[in-house]
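Presented below is the structure to which this report refers.
Hydrogens, waters and symmetry mates are skipped; everything else that's a heavy atom, side chains included, is used. Atoms within a ligand are numbered from 1 in the order they appear, just like the ligands themselves.
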Amino acid sequence: MSIVVKKWNELAEVKAELAARDWFFATSGNLSIKVTDDPLTFLVTASGKDKRKQTDEDFLLVDAAGRPAEKTHLKPSAETLLHVEIYNRTNAGCVLHVHTVDNNLISELYASNGEAVFSGQEIIKAFGIWEENAAVRIPIINNDADIPTLAREFANHVHGDAGAVLIHNHGITVWGRTAFEAKKHLEAWEFLFSWQVKRLLLQRAGLPVG
Ligand SMILES: CSC[C@@H](O)[C@@H](O)C(=O)COP(=O)(O)O
Ligand SMILES: [Zn+2]
């Protein structure tokens with residue numbers, strides 16, 4: 001099996017799992033997986049598709065600038081430049097972007113802080129952090145409509161081989177060394193967002209939560 005087919009199947013599996021969670025509303029979301037390092041190539045979702053569907057036109061191979069690496073009628077995701085920033089700056093192997101109601105609410109609630117911080121949750125261990133009462137923070141950036149501008153702002157927060165950024169009233173982009181790690185981190189962030197939104201509602205209702 002060629003490396004492209006192997007990586008295609010890996011990304012298709014992650015895509016199916018995120019689809020099963022119903023995280024691809026209204027064609028939103030984009031995913032990618034690194035195929036080669038030198039030169040850099042990665043498979044990225046084709047733009048505008050319903051990512052819940054599985055077809056043989058789901059992904060296309062792009063180069064280090066996010067341009068198609070082979071002749072194709074498919075268009076790379078409109079947000080490919082964000083994936084480009086991650087692969088060019090880190091050793092990440094996979095990037096996942098989803099729009100959920102919870103990630104949008106958290107991005108709105110904490111936009112003025114420029115970040116959202118979570119602590120006191122067992123699931124923080126999914127990030128490889130084992131200390132008791134550890135805190136995790138996720139930056140929140142403005143949702144600039146101009147993608148090159150958005151990608152430049154986004155790049156300021158791309159530091160390690162695994163990480164995540166919230167885009168205000170848009171969605172989350174998560175990356176990891178492997179597809180397994182990226183998906184684990186995405187699920188952990190979404191757990192924290194959902195937990196926090198529900199806690200705030202229960203607090204508002206006068207119920208005794210933290
Ligand atoms: C309908 S979602 C809006 C899109 O602009 C974008 O944010 C998105 O996540 C999907 O765009 P795509 O070009 O299909 O990767
Ligand atoms: Zn998006």
Q) Under a 4.0 Å heavy-atom cut-off, what residues line ligand 1? A) A26, T27, S28, G29, N30, S47, G48, K51, S77, A78, E79, H97, H99, H170
Q: May I ask you to decide whether E57 forms a salt bridge with K49, counting only side-chain N to carboxylate O separations under 4.0 Å?
A: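 Answer for the salt bridge query: yes.
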Q: Flag the pair L82 / H97 as yes when at least one side-chain heavy-atom distance between them is below 4.5 Å, and no otherwise.
A: no
**Q.** Residues, nucleotides or ligands: over 12 heavy atoms within 6.0 Å of E13 CD
**A.** no
Q. Is it true that atom CZ of F180 has more than 12 heavy atoms of other residues, nucleotides or ligands lying nearer than 6.0 Å?
A.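 Open.
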Q) Of all the N, O or S atoms in H170, which one sits nearest to the Zn ion (ligand 2)? A) NE2
Q. Among the N, O or S atoms that H97 has, which is closest to the Zn ion (ligand 2)?
A.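 When I compare the N, O and S atoms of H97, NE2 is nearest to the Zn ion (ligand 2).
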Q.
Using the side chain to side chain donor-acceptor pair (under 3.5 Å) definition, which of the options H83, E79, K7 pairs with S32?
A.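 Passing option: H83.
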Q | Near-ring test W189/F127, centroid separation under 6.0 angstrom | A | yes
Q. Does the pair I33 and F42 meet the rule for a side-chain contact (heavy atoms from CB on, under 4.5 Å), with working shown?
A. CA-CA 5 Å; I33 193 162; F42 61 95; over 6 Å; no
